[in-house]
Q: 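I'd like to ask some things about the structure below.
By convention in this document, chain letters (A, B, ...) are assigned in the order of the sequence lines, proteins followed by strands, and residues within each chain are numbered from 1.
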Amino acid sequence: MSKFIVEHKRTHYCGDLRAVHVGQKVVLFGWVAGRRDLGGRIFIDLRDRSGLSQVVFGPDIDKRMGQAEGQGAHAHADVLRSEFCIAIAGTVVLRTASGGQTNLKLASGEIEVEASELQIFSRADTPPFQIEDDVETREEIRLKYRYLDLRRPVLQRNFQLRSKLYRLTRDYFHENHFVELETPFMVKYTPGGARNFLVPSRLNPGKFYAMAESPQIFKQLFMVAGMDRYFQIVRCFRDEDLRLDRQPEFTQIDVEMSFIDEEDIWAMIEGLVVRMWKELAGVDIARPFLRMPYAEAMGSYGEDKPDLRNPLKLHDLTAIVKEHKGGGVQIFEKIVEGGGIVKILRIPGTHAQKISGTEVRKLEDVAKGMGAAGLGSARLDPAGSGEALAWTQSPFGKTASEALRAAVQKAIGGGPGDLLFFQLGNPKVANTVLSQLRQQLGKKLDLLEKGWRFLWVTDFPMFEKGEGGTWVAAHHPFTSPKPEHVELLSTDPGAVQARAYDLVLNGNEIAGGSIRIHQREVQAKVFAALGLTEDDFRQKFGFLLDAFRYGPPPHGGIAFGLDRLSMLLTGATSLRDVITFPKTQNGTDLMSDCPTEVSQRQLDELFIASRPPPAKQ
RNA sequence: GGGGUGGUAGUUAAGUUGGUUAUAACGCCGGCCUGUCACGCCGGAGGCCGCGGGUUCAAGUCCCGUCCACCCCGCCA
């Protein structure tokens, strides 16, 4: 048996070796990242999680070590292949001192290790893709062989950074007198919000646990319990459709504090974020972060998580169009009379000239894919001048009155060559379409400024119109309304603003939270506005209401998407690159082939009958 | 549920108006090579063209369906 592991313990990681180690005997464990077999000299790139070191084998090296011919490390090294797991012992030498050249591309490029001993722990089949950063392989294959994908240096770096993120977070909250507490994953099902994954209860036939969407109610109970400051790094589960930045299970940094207001939360969170960026990205972020009311975000960007690196803006022209009674454009008149809106995305002339008429038509197809009836556009006469530039290449251009054109141009600060994209009618569709176009064009025209643009979005509406025209909680039903809006709860719920806030970074919602209701009468009014009786809620959230009879403190909190934070900090372009074993867009794990069917016996034990989905027609 | 992109050797791609034996690079296998680091040179193997159906004398190529992956809308209190 070899001396490795038992006697030869690892002395260094491959990527850490430098000129200062020259002359030292070292023991390295790792995987063969590449080989260059020159016959009398064999070079191996040895990889571990820290990086690479070049290992060199040669008959002269063996001889110096007193090995008989054909017995030394070199004699065995010719069988080495990619991804073999090996150990070597040897001496660190300066490459330039032993006939070689420094490799400037490698952190350890000044040195190499002359191998005197070699052990092959295990051989490897030819991997399905090369374990390198710049090899682009179909994601399907990467996910199937995730353990190999995870060997790639870029993912190794991502997860090492993520690990530091956990530690920094824990340090920060402990320093600020927070208590780290756990909450159950298997919880009572509560209606509303995201779909839950369900877990059948064998001991309680016919009943189900829900996998927690978040620890929301439990963390509020911690406040009732007097824990005062709580945090947790916790897995959450939501059975919704997946996206680039959404996985069915994901990790939150969950926070709740007592005896605080918004400013306290924001200050605490900004402190954490600034430290994350300082220590993990080496970037100083200015405080306090910018703040923007929800209404402004929707108005100027069409979304509640605007990417402020993108200079493009939306403009609501409804009032102007109304004032001019359509301004000669029939469809405008019809839309505003019907209570619809007229909204535009403005592309300033310097950028607009890069967008051809063909591309405009392609964008219309994109818009239709998102539910738009069409995509009106107009170019402010590039050759013109004055305050009422003609609208060229536009379905509205012929009839739009000079007065309307002047008013619009003034409102948007428009100039010759500007390209305007119109959305008419439904505000929700208009905002979706224009904000998407804004994002796509911002990227395509390379308009995004460099840097980190943090933003608190505030003053969210308390309620949204649900499917049946009833009011539903925009955040969750325990979110406190603004005190000055409490009276509106019964008269004009749509006008009530919540003490809720999101933290947005470069177009990503990275955290969201609110100040909660701690007064029973306010809670009752919110329930009433939601069209629910106290009995309804007693059934669903009774334990919380019960708890709130025993002196609940004023409290509030926030929850971070830790995966998204990791993604942004590492520069990853997908959540899947910061989650060790992610699921596909269909919610499956290609590596383990999950989910699967289970045996009839297992179902019987749970008193569950499974039936196939109806055949597609 | 809807819109879009893709699937050809282990990997990444090319494949013309449908027309001989489906190309290339990297990787892999064998041989040579003592300073390579994208090593080099010589030789070689490797294909359910995602799957199913159709049109055709003939389909990787055209049509229909379907599966998978990715991006987006809806959805995600």
Q: Between A:E256 and A:R516, is there a salt bridge with N-O shorter than 4.0 Å?
A: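 A:E256 and A:R516: salt-bridged.
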
Q: Are any of the side-chain nitrogens in A:E136 or A:R142 under 4.0 Å away from the carboxylate oxygens of its partner?
A: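 The answer is no: the pair does not qualify as a salt bridge.
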
Q: Could you go step by step and tell me if A:D149 and A:R152 meet the salt bridge (charged side-chain N to carboxylate O under 4.0 Å, His left out) rule?
A: CA-CA 6 Å; A:D149 198 23; A:R152 292 164 65 223; 2.8 Å; yes

Q: Kindly state whether the pair A:F129 / B:U11 counts as stacked, where counting means centroids closer than 5.5 Å and planes tilted less than 30° apart.
A: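 The ring of A:F129 is not stacked on B:U11.
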
Q: Just N and O in the side chain of A:R564: are any of them under 4.0 Å from OP1 or OP2 of B:C76?
A: no

Q: I'd like to know if A:R195 pairs up with A:E213 as an ion pair, taking the criterion as any Lys NZ or Arg NE/NH1/NH2 lying under 4.0 Å from an Asp or Glu carboxylate oxygen.
A: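 Between A:E213 and A:R195 there is no salt bridge, as every charged N stays at least 4.0 Å from the carboxylate O atoms.
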
Q: For a side chain to side chain donor-acceptor pair (under 3.5 Å) check, start with the C-alpha distance between A:E303 and A:Q436, then their side-chain angles and the critical distance, and finish with the verdict.
A: CA-CA 9 Å; A:E303 55 175 330; A:Q436 281 293 322; over 6 Å; no

Q: Just to confirm, is there a sub-4.0 Å distance from OP1 or OP2 of B:C39 to any side-chain nitrogen or oxygen of A:R35?
A: no

Q: Using a 4.0 Å heavy-atom cut-off across all strands, classify A:E139 as base, sugar-phosphate, or nothing.
A: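 A:E139: backbone/sugar contact only, no base atoms under 4.0 Å.
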
Q: Tabulate atom names and distances for all N/O pairs under 3.5 angstrom spanning the protein and nucleotides 22-27 of chain B.
A:
| unit_1 | atom_1 | unit_2 | atom_2 | d |
| --- | --- | --- | --- | --- |
| B:C26 | O2' | A:Q130 | OE1 | 3.4 |

Q: Does A:K443, at its NZ atom, have more than 12 non-hydrogen atoms belonging to other residues, nucleotides or ligands within less than 6.0 Å?
A: no

Q: Report yes if at least one side-chain N or O of A:N586 is closer than 4.0 Å to OP1 or OP2 of B:A69; otherwise report no.
A: yes

Q: Is A:R246 salt-bridged to A:E240, cutoff N-O under 4.0 Å?
A: no

Q: Nearest to the A:Q585 side chain among B:C71, B:U34, B:C68, which nucleotide is it?
A: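 Between B:C71, B:U34, B:C68, the one nearest the side chain of A:Q585 would be B:C71.
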
Q: Is the phosphate of B:U12 approached by A:R138 (side-chain N or O, under 4.0 Å from OP1 or OP2)?
A: yes

Q: Please tell me which of the listed nucleotides, B:C76, B:U34, B:A38, lies nearest to the side chain of A:E240?
A: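 Minimum distance to the A:E240 side chain belongs to B:C76.
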
Q: Among A:R146, A:R576, A:K583, whose salt bridge (Lys or Arg N to Asp or Glu O under 4.0 Å) with A:E139 holds?
A: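 Output: one option passes, namely A:R576.
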
Q: Between A:R36 and B:U36, is there a contact of a side-chain N or O with OP1 or OP2 at under 4.0 Å?
A: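 Answer is no, no contact under 4.0 Å.
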
Q: Go through residues 426-437 of chain A and report each residue with a non-hydrogen atom lying under 4.0 Å from RNA chain B, sorted by number.
A: A:K428, A:T432, A:Q436

